[in-house]
Asks: 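Just dropping this structure here.
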Amino acid sequence: MATTTGPTLAEIEAARGRIGGLARVTPVYSSEALSRMSRRPVLLKAENLQRTGSFKIRGAVNRIAALTDEQRAAGVVTASAGNHGQAVALAAREAGVKATVFMPEDAPMAKVDATRSYGADVVLTGEGFDEANVAAQARVEAGAIFIHAFEDEIVIAGQGTVGLEIAEQVGELEAVVVPIGGGGLASGISLALSELRPEVKIVGVQAESCAPFAGDGEPGHTIADGIAVKVPGELTRRILDDRLDRVVTVSDPEIAQAIVLLLERVKLVVEGAGAASVAALLGGKVPGEGPALALLSGGNIDATLLIEIARHGLTQAGRFLVVRTRLEDRPGALARLLGLIAGERVNVLSVEHHREGMDLPVTGTEVELTLSMRDDEHCDELLARLAEWGYSTERLS
């Protein structure tokens, strides 16, 4: 393989033949809801439904298939934010190769547990992918073969098989939107599509708090842990500088909104990195009005994070209302308020009394209510009714 241009189309085609026994062809879905919100036809390539829950299995299987007998006996080691580790673990197990995976200490437990379940030894170390990557090098020095998550042409060729499928599955297409961490997926897809569908624009998307390809400031924390790579590869940067049409960024709130919409309207569970492509389309950050395909790169989201994101997203959409008001601390006062609220077809989720440490009348109490609402309009209607009933309120959400 060439060391400056990445894998050829023929090498990507050959990779498809090698990975077919383990990786699956993932579906492409249309979404009326997302199309309406984005004001253009939106298609979804569901790599979240791939084996191990992400596209990473493609590159991992291709790379391990290329090992010599001597290398297989030495075992493999890798560093991963989670998805690549799972893929290497499964691919190694199926090939009868011992695997060790270095992961960040705060990696989602769903990814850690899955990697262990595939038979790999997991070592938790460092704050993020880059620190885990450094730690993994010591094992390489001891003789194990390092499987890089993106800075490897054989891995990139495996990821490029996604591009082959898109070219075959989709007719009219103006743009493909691909999440970028280290750049392996975007590199493979752009290499394949630039040969097969040169008219299609390739747009990369990064989390705005960790966007080295976009050249945005110092990296920070993001809920899109799968693309939180501080230092991209030299090979992938060369490829993407040549093949990518543009890079855009999305915020964590935009990613959270996309996760909730995919869950509620499309019935797909997608992690932060995978939802970044949809967030870019919803935010109007991808030029054009023609059909756009969002690559849902993975679905391995920790359940506790998913709950937090769902609550945040529902609150932003006006589905939860938290409001404070004051009452006379006497029998029947709270029951009267709750009865009036129930009459507006509102469900009360929780009630908290605040008395101590507050500037209240001797016989007064403050009540904080968490309410389940239909939407923002319903929230506004209830707040107006509370004012009509004589309750002074403070909206907290």
Asks: Decide yes or no for Ile259 and Val270: does some side-chain heavy atom of the first lie under 4.5 Å from some side-chain heavy atom of the second?
Replies: no
Asks: Kindly say whether Ser392 contributes a backbone atom to a donor-acceptor pair with the side chain of Thr325 at under 3.5 angstrom?
Replies: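 Judged by distance alone, yes, a pair lies under 3.5 Å.
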Asks: Show your working on salt bridge (Lys or Arg N to Asp or Glu O under 4.0 Å) between Arg40 and Glu289 and close with a plain yes or no.
Replies: CA-CA 5 Å; Arg40 67 190 302 173; Glu289 299 177 351; over 6 Å; no
Asks: To the nearest 0.5 Å, what is the distance between CZ (Arg63) and CD1 (Ile145)?
Replies: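 Answer rounded to 0.5 Å: 7.5 Å.
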Asks: Would you say that more than 12 heavy atoms from the other residues, nucleotides or ligands in this model lie under 6.0 Å from the CD of Glu105, or not?
Replies: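 Yes, enclosed.
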Asks: Using a 3.5 Å distance criterion without hydrogens, assess whether the side chain of Asn133 forms a donor-acceptor pair with backbone atoms of Ala79.
Replies: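 Looks like no, no N/O pair under 3.5 Å.
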Asks: For the CG atom of Asp375 and the CG atom of Leu321, what is their distance to the nearest 0.5 Å?
Replies: 11.5 Å
Asks: So does Phe213 get a backbone contact from the side chain of Gln206, meaning a donor-acceptor N/O pair under 3.5 Å?
Replies: yes
Asks: Please report the C-alpha distance between Lys230 and Glu131 in whole Å, then the side-chain angles of each, then the deciding distance to 0.1 Å, and finally whether the salt bridge (Lys or Arg N to Asp or Glu O under 4.0 Å) criterion is met.
Replies: CA-CA 10 Å; Lys230 300 175 186 176; Glu131 292 81 6; 3.3 Å; yes
Asks: Under 3.5 Å, is there a donor-acceptor pair linking the side chains of Ser35 and Glu32?
Replies: no
Asks: Has Glu70 got more than 12 heavy atoms of other residues, nucleotides or ligands less than 6.0 Å from its CD?
Replies: no
Asks: Please give me the minimum heavy-atom distance between Ala228 and Thr222, naming the atom from each residue.
Replies: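 So the two residues come closest at CB-CG2, 3.8 Å.
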Asks: Side chains of Leu334 and His353: closer than 4.5 Å at any heavy-atom pair?
Replies: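 Sidechains of His353 and Leu334: in contact.
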Asks: If hydrophobic clusters are built from ILVMFWY residues whose side chains come within less than 4.5 Å, do Leu262 and Leu49 share one?
Replies: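 Result: yes, single cluster for both.
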Asks: Would you check if Leu261 and Val278 make a side-chain contact, meaning some heavy-atom pair closer than 4.5 Å?
Replies: no
Asks: Between Gln159 and Gly59 (side chain of the first, backbone of the second, donor and acceptor by atom type, cut-off under 3.5 Å), is there such a pair?
Replies: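 Flag set: sc Gln159 to bb Gly59 pair under 3.5 Å.
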Asks: Report the C-alpha distance between Ile309 and Val260 in whole Å, list the side-chain angles of each, state the deciding distance to 0.1 Å, and finish with yes or no for side chain to side chain contact (heavy atoms under 4.5 Å, CB included).
Replies: CA-CA 7 Å; Ile309 289 172; Val260 173; 4.1 Å; yes
Asks: Would you say that more than 12 heavy atoms from the other residues, nucleotides or ligands in this model lie under 6.0 Å from the CZ of Arg324, or not?
Replies: yes
Asks: Could you pull out the closest heavy-atom pair between Phe320 and Thr315, with the gap in Å?
Replies: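 Heavy atoms only, the tightest pair is CD1-OG1, 3.5 Å.
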Asks: For Ala207 and Ala224, work out which heavy atoms get closest and say how close.
Replies: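 Nearest pair, atom of Ala207 first, then Ala224: CB-CB, 4.4 Å.
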Asks: Kindly give the heavy-atom pair with the smallest separation between Ile64 and Ala91, and that separation in Å.
Replies: CD1-CB, 3.7 Å
Asks: Salt bridge check, Arg311 against Glu308: does any charged N sit closer than 4.0 Å to a carboxylate O?
Replies: no
Asks: Does some side-chain heavy atom of Lys111 sit less than 4.5 Å from a side-chain heavy atom of Asp225?
Replies: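 They are in contact (side-chain heavy atoms under 4.5 Å apart), so the answer is yes.
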Asks: Do the side chains of Ile166 and Val42 join up, straight or via other hydrophobic residues, at under 4.5 Å, putting them in one cluster?
Replies: no
Asks: Apply salt bridge (Lys or Arg N to Asp or Glu O under 4.0 Å) to Glu234 and Arg237, showing your working.
Replies: CA-CA 5 Å; Glu234 294 180 7; Arg237 183 177 285 280; over 6 Å; no
Asks: Scan Ile12, Leu240, Thr8 and name whichever one has a side-chain contact (heavy atoms from CB on, under 4.5 Å) with Leu191.
Replies: Ile12
Asks: Show the numbers, then the answer: is there a side chain to side chain contact (heavy atoms under 4.5 Å, CB included) between Glu151 and Thr236?
Replies: CA-CA 7 Å; Glu151 193 72 349; Thr236 55; 3.9 Å; yes
Asks: What is the distance from atom CG of Leu9 to atom CG of Leu164, rounded to the nearest 0.5 Å?
Replies: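 Answer rounded to 0.5 Å: 6.5 Å.
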Asks: Please check if Val97 and Leu90 belong to a single hydrophobic cluster, counting links between Ile, Leu, Val, Met, Phe, Trp and Tyr side chain heavy atoms closer than 4.5 Å.
Replies: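 Val97 and Leu90: separate clusters.
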Asks: Salt-bridge test for Glu271 and Lys56: reply yes if a basic N is under 4.0 Å from a carboxylate O, no otherwise.
Replies: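 No, no charged N to carboxylate O under 4.0 Å.
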Asks: From Glu368 CD over to Ser350 OG, what is the distance, rounded to the nearest 0.5 angstrom?
Replies: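 The distance works out to 7.0 Å.
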Asks: So does Arg36 have more than 12 non-hydrogen atoms from other groups sitting under 6.0 Å from CZ?
Replies: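 Enclosed.
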Asks: Just checking Lys201: does its NZ atom have more than 12 heavy atoms from other residues, nucleotides or ligands closer to it than 6.0 angstrom?
Replies: no
Asks: Does CZ belonging to Arg395 count more than 12 external heavy atoms closer than 6.0 Å?
Replies: yes
Asks: Indicate yes or no: at least one non-hydrogen side-chain atom of Asp241 is less than 4.5 angstrom from one of Arg238.
Replies: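 Side-chain contact under 4.5 Å: no.
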Asks: Between Arg51 and Glu94, is there a side-chain N and carboxylate O pair less than 4.0 Å apart?
Replies: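 Glu94 and Arg51: not salt-bridged.
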Asks: What distance separates Ile341 CD1 from Leu386 CG, expressed to the nearest 0.5 Å?
Replies: 5.5 Å
Asks: Can you measure from CD (Gln71) to CD1 (Ile147) and round to the nearest 0.5 angstrom?
Replies: 8.0 Å
Asks: Side chain to side chain contact (heavy atoms under 4.5 Å, CB included) between Ser277 and Leu296: does it pass, once the steps are laid out?
Replies: CA-CA 7 Å; Ser277 55; Leu296 308 182; 4.2 Å; yes
Asks: Any chain of hydrophobic side-chain contacts (each under 4.5 Å) joining Ile154 to Val76?
Replies: no
Asks: For the residue pair Val367 and Val351, establish whether any side-chain heavy-atom pair is separated by less than 4.5 Å.
Replies: yes
Asks: Which heavy atom of Ala280 sits nearest to which heavy atom of Val248, and what is that distance?
Replies: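 Taking Ala280 first and Val248 second, the nearest heavy atoms are CB-CG2, 4.0 Å.
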Asks: Is there a side chain to side chain contact (heavy atoms under 4.5 Å, CB included) between Glu47 and Leu185? Walk through the geometry before answering.
Replies: CA-CA 11 Å; Glu47 283 293 294; Leu185 175 63; over 6 Å; no
Asks: Pick one: which of Val178, Asp242, Val200, Ile202 meets side-chain contact (heavy atoms from CB on, under 4.5 Å) with Ser190?
Replies: Ile202
Asks: Treat each ILVMFWY residue as a node, draw an edge where side-chain heavy atoms are under 4.5 Å apart, and state whether Met373 and Leu349 are in one component.
Replies: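 Met373 does not cluster with Leu349.
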Asks: Could you check if a side-chain atom of Pro179 sits within less than 4.5 angstrom of a side-chain atom of Leu295, using non-hydrogen atoms only?
Replies: yes
Asks: Please report the shortest heavy-atom distance between Gly299 and Asn48, naming the atom on each side.
Replies: N-CB, 3.5 Å
